[in-house]
Amino acid sequence: MKTMKSKIAVALMAAGLSFSAAAADITIAYDADPVSLDPHEQLSGGTLQLSHMVFDPLVRFTQEMDFEPRLAASWERMDNKTVRFNLREGVTFHSGNPFTADDVVWTFKRLKSSPDFKGIFTPIVDIKKVDAHTVDVITDGTYPLVENVMTYVFPMDSKYYSGKTEDGRDKAELKKNGSTYASTHLSGTGPYVVAEREQGVVVEFKRNENYWDKESEGNVDNITLRPIKEDATRVAALLSGDVDMIAPVSPNDYRRIERSDNLQLVTMPGTRVITFQMNQSVVDEFKDPRVRQAVAYAVNNEGIAQKIMKGAATPASQQSPVGYAGYNADLEPRYDLAKAKKLMEEAGYPDGFSVTMIAPNNRYVNDEKIAQAVAAMMAKIGIKVDLQTMPKAQYWPEFDKCEAGMQMIGWHPDTEDSANFTEFLTMTRNADTGKGQYNCGHYSNSEVDKLVTAANSETDLEKRSAMLQKVEKILYDDAAFLPLHWQDPSWAAKNNVNIKPIVNGMNFPYFGDLVVE
């Protein structure tokens, strides 16, 4: 059986690429590497970062949150249910296969079968081929976020992923946390090809010499991605010159970066909310809203943002950050230990109870420290927490089981819209539609479900905002989950690595456009 490295080497040679040394090489240290090479296996920041490097979306967001054409050269609304996308011509996949409308249609069907992604595509009824370079996106009624959703369509090479493997498996097989052809093989249209990958150790990216975007100023030929879990070790690698860029940067290390004449620190206000879910399916006490409210009052998230995050986060009382349609200015953080204890007494648990808690230790900034702080705060109202933290690669399979009493999850809205938070985190779980896919709190409220569904077909922005703000109020009153803060994305690099133009609030830099001076 061929190794991963040899398989990719063969693919590179077939695409007319080589392993020869190039002038512009950089090494990046991230807190974790992608868990799979399949772009549809897991809806996560690591997967999306990989997709932007190896594939291309139909449309992507700019730093100003405008839409920028990518594999879709242009688009126009034909009627209230149809948006026509004109695809870019002359684009080839890494395999050499031409990119056509067939690849978009094939990719869409696969996305609709993905447990993680299909929730995003619920309003999209179909994508139909008009001709070789034109597709029509058909929606279920009027849907105002078609372009937002198309930022998640990264066309796959349908010919490359069709057929059988040597051992008779379907090359298109999609399996969560499983070993498939797509989880170890790639053929996209993107600026880079994966040249080598050793899970948890290194991912090597080589520039796609046949990349279609000739206007990009990007000049980095080789990128080495090294996962370094520990914050201090990661920043030490940058300070010593062993790596050229790191992400994220622990707030504790901001000053060390800023004091260096050779380094730059880039941060921006974040929209990724960090939360804990309270699992009503395994902890009966969490079925009582008074107990959930008690937890919300017991946890001092303003203190966590100030002391643990060193101000590099904004305390949250809801899912939607300022500027989003659903942001409700009437909702504020509610730390009140005395009230928390009173609610526990009213619910019949004056002596508390025990609960298990899981959290990653290399996915979010200071995630392990945050979990420890939350556990200590809950102990003050008698809730004894058995906390287990683990690396990201082990965490997500455990999270998906929904077996712990409390589970940490951070969420950046895939469509840059308030409804997306609720669709994945707090709507009633529905395996058929993908709604509530990451709702391991098993919270369910029919009014919330109806409001979000209605909002997704409302084109009057004021009415839509009112609906989504009402959703946030219901979730707040119900203490549907424990909000902590919105995490600020952060990056640091050597001064000659021009990262400012390529980073964004979505937290997946466009490395294809990176310029090293």
Side-chain angles (χ1 to χ4, degrees), residues 39-40 43 48 51-52 55-88 91 99 101 103-105 107-109 111-112 114 117-130 133-156 189-190 212-213 271 320-321 323-326 411-424 434 452-465 467-468 504-508 510 512-513:
H40 300 162
L43 180 53
L48 292 169
S51 295
H52 277 284
F55 296 90
D56 275 306
L58 293 181
V59 182
R60 76 180 182 187
F61 284 106
T62 66
Q63 283 184 331
E64 295 75 28
M65 302 309 294
D66 295 323
F67 294 114
E68 178 183 11
R70 297 306 289 166
L71 290 184
S74 63
W75 55 91
E76 58 182 328
R77 182 168 288 279
M78 308 300 288
D79 55 48
N80 68 327
K81 293 184 179 181
T82 308
V83 179
R84 176 161 294 177
F85 285 81
N86 302 302
L87 306 178
R88 197 174 297 276
V91 177
F99 162 65
D103 301 300
V104 177
V105 172
T107 300
F108 169 71
K109 291 179 179 178
L111 281 163
K112 291 284 276 188
S114 167
F117 282 85
K118 64 183 176 182
I120 298 176
F121 290 88
T122 300
I124 311 299
V125 175
D126 199 5
I127 295 184
K128 295 182 177 180
K129 175 182 176 180
V130 177
H133 291 94
T134 311
V135 295
D136 281 348
V137 176
I138 314 298
T139 59
D140 182 11
T142 302
Y143 182 57
L145 304 176
V146 171
E147 291 90 344
N148 303 57
V149 172
M150 291 304 106
T151 66
Y152 285 84
V153 177
F154 293 84
M156 298 175 71
T189 61
W212 62 267
D213 188 357
T271 56
S320 301
Y324 274 53
W411 198 263
H412 176 93
D414 307 300
T415 53
E416 303 301 324
D417 180 77
S418 294
N420 183 263
F421 286 112
T422 308
E423 286 174 315
F424 278 86
V452 174
T453 301
N456 281 344
S457 60
E458 179 56 67
T459 57
D460 185 310
L461 297 183
E462 289 188 9
K463 290 182 179 179
R464 188 170 188 275
S465 292
M467 292 176 181
L468 295 173
N504 49 62
M506 291 81 71
N507 203 12
F508 30 82
Y510 299 147
D513 298 330

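Please read these numbers as outputs of a predicted model, since none were measured by experiment.
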K.L.:
Are Thr122 and Glu423 close enough that some pair of their side-chain heavy atoms sits under 4.5 Å apart?
P.N.:
no
K.L.:
Taking atom CG of Asn80 and atom OG1 of Thr139, what is their separation to the nearest 0.5 Å?
P.N.:
7.0 Å
K.L.:
Which distance, rounded to the nearest 0.5 Å, do you find between the CE of Met156 and the CG of Asp103?
P.N.:
10.0 Å
K.L.:
Check whether any side-chain heavy atom of Trp411 lies under 4.5 Å from a side-chain heavy atom of Leu43, and answer yes or no.
P.N.:
yes
K.L.:
Strictly by modelled atom types, are Thr189 and Asp56 linked by a side-chain donor-acceptor pair under 3.5 Å?
P.N.:
yes
K.L.:
Would you mind reporting whether Arg84 and Val130 have side-chain heavy atoms less than 4.5 Å apart?
P.N.:
yes
K.L.:
Report, one line per pair, each donor and acceptor closer than 3.5 Å where one atom sits in a side chain of residues 66-73; sequence neighbours left out.
P.N.:
| unit_1 | atom_1 | unit_2 | atom_2 | d |
| --- | --- | --- | --- | --- |
| Glu68 | OE1 | Arg60 | NE | 3.0 |
| Arg70 | NH1 | Asp213 | OD2 | 3.3 |
| Arg70 | NH2 | Tyr211 | OH | 3.1 |
| Arg70 | NH2 | Asp213 | OD2 | 3.2 |

K.L.:
Could you tell me the separation between the CD atom of Glu458 and the OG1 atom of Thr453, rounded to the nearest 0.5 Å?
P.N.:
13.5 Å
K.L.:
I need the minimum non-hydrogen distance between Pro39 and Ser51, along with the two atoms involved.
P.N.:
CB-OG, 3.6 Å
K.L.:
Side-chain contact, heavy-atom cut-off 4.5 Å: Pro155 with Val104?
P.N.:
yes
K.L.:
Identify the heavy atoms of Gly326 and Ser418 that sit nearest to each other, and give their distance.
P.N.:
N-OG, 2.8 Å
K.L.:
How far apart are the C-alpha atoms of Val146 and Trp75, what are their side-chain angles, what is the distance that settles it, and do they pass the side chain to side chain contact (heavy atoms under 4.5 Å, CB included) test?
P.N.:
CA-CA 11 Å; Val146 171; Trp75 55 91; over 6 Å; no
K.L.:
Before giving the answer on side chain to side chain contact (heavy atoms under 4.5 Å, CB included), spell out for Asn507 and His412 the whole-Å C-alpha distance, their side-chain angles and the decisive distance to 0.1 Å.
P.N.:
CA-CA 9 Å; Asn507 203 12; His412 176 93; over 6 Å; no
K.L.:
Is there a side-chain contact between Asn504 and Phe61 in this structure, where contact means two heavy atoms from C-beta onward sitting under 4.5 Å apart?
P.N.:
no
K.L.:
So Asp414 and Phe424, side chain to side chain contact (heavy atoms under 4.5 Å, CB included) or not? Walk me through it.
P.N.:
CA-CA 10 Å; Asp414 307 300; Phe424 278 86; 3.9 Å; yes
K.L.:
If you compare all heavy atoms of Glu462 against all heavy atoms of Asp460, which two are closest, and at what distance to 0.1 Å?
P.N.:
N-OD1, 3.1 Å
K.L.:
Would you check if Tyr143 and Lys81 make a side-chain contact, meaning some heavy-atom pair closer than 4.5 Å?
P.N.:
no
K.L.:
In Å and rounded to the nearest 0.5 Å, what is the CD1 to CD1 distance from Ile138 to Ile124?
P.N.:
9.5 Å
K.L.:
Kindly indicate, with the supporting measurements, whether the criterion side chain to side chain contact (heavy atoms under 4.5 Å, CB included) is fulfilled by Val149 and Phe121.
P.N.:
CA-CA 7 Å; Val149 172; Phe121 290 88; 3.4 Å; yes
K.L.:
Can you check whether His40 reaches Thr107 side chain to side chain, under 4.5 Å on heavy atoms?
P.N.:
yes
K.L.:
Minimum heavy-atom separation for Thr82 and Asp79, please, with both atom names.
P.N.:
N-OD1, 2.9 Å
K.L.:
Working to the nearest 0.5 Å, report the span between CZ of Phe108 and NZ of Lys128.
P.N.:
11.0 Å
K.L.:
From Asp136 CG over to Glu76 CD, what is the distance, rounded to the nearest 0.5 angstrom?
P.N.:
9.0 Å
K.L.:
Report yes if some heavy atom in the side chain of Asn456 is under 4.5 Å from a heavy atom in the side chain of Arg464; otherwise report no.
P.N.:
yes
K.L.:
Please work out whether the ring planes of Phe508 and His52 are parallel, tilted or perpendicular, with thresholds of 30° and 60°.
P.N.:
parallel
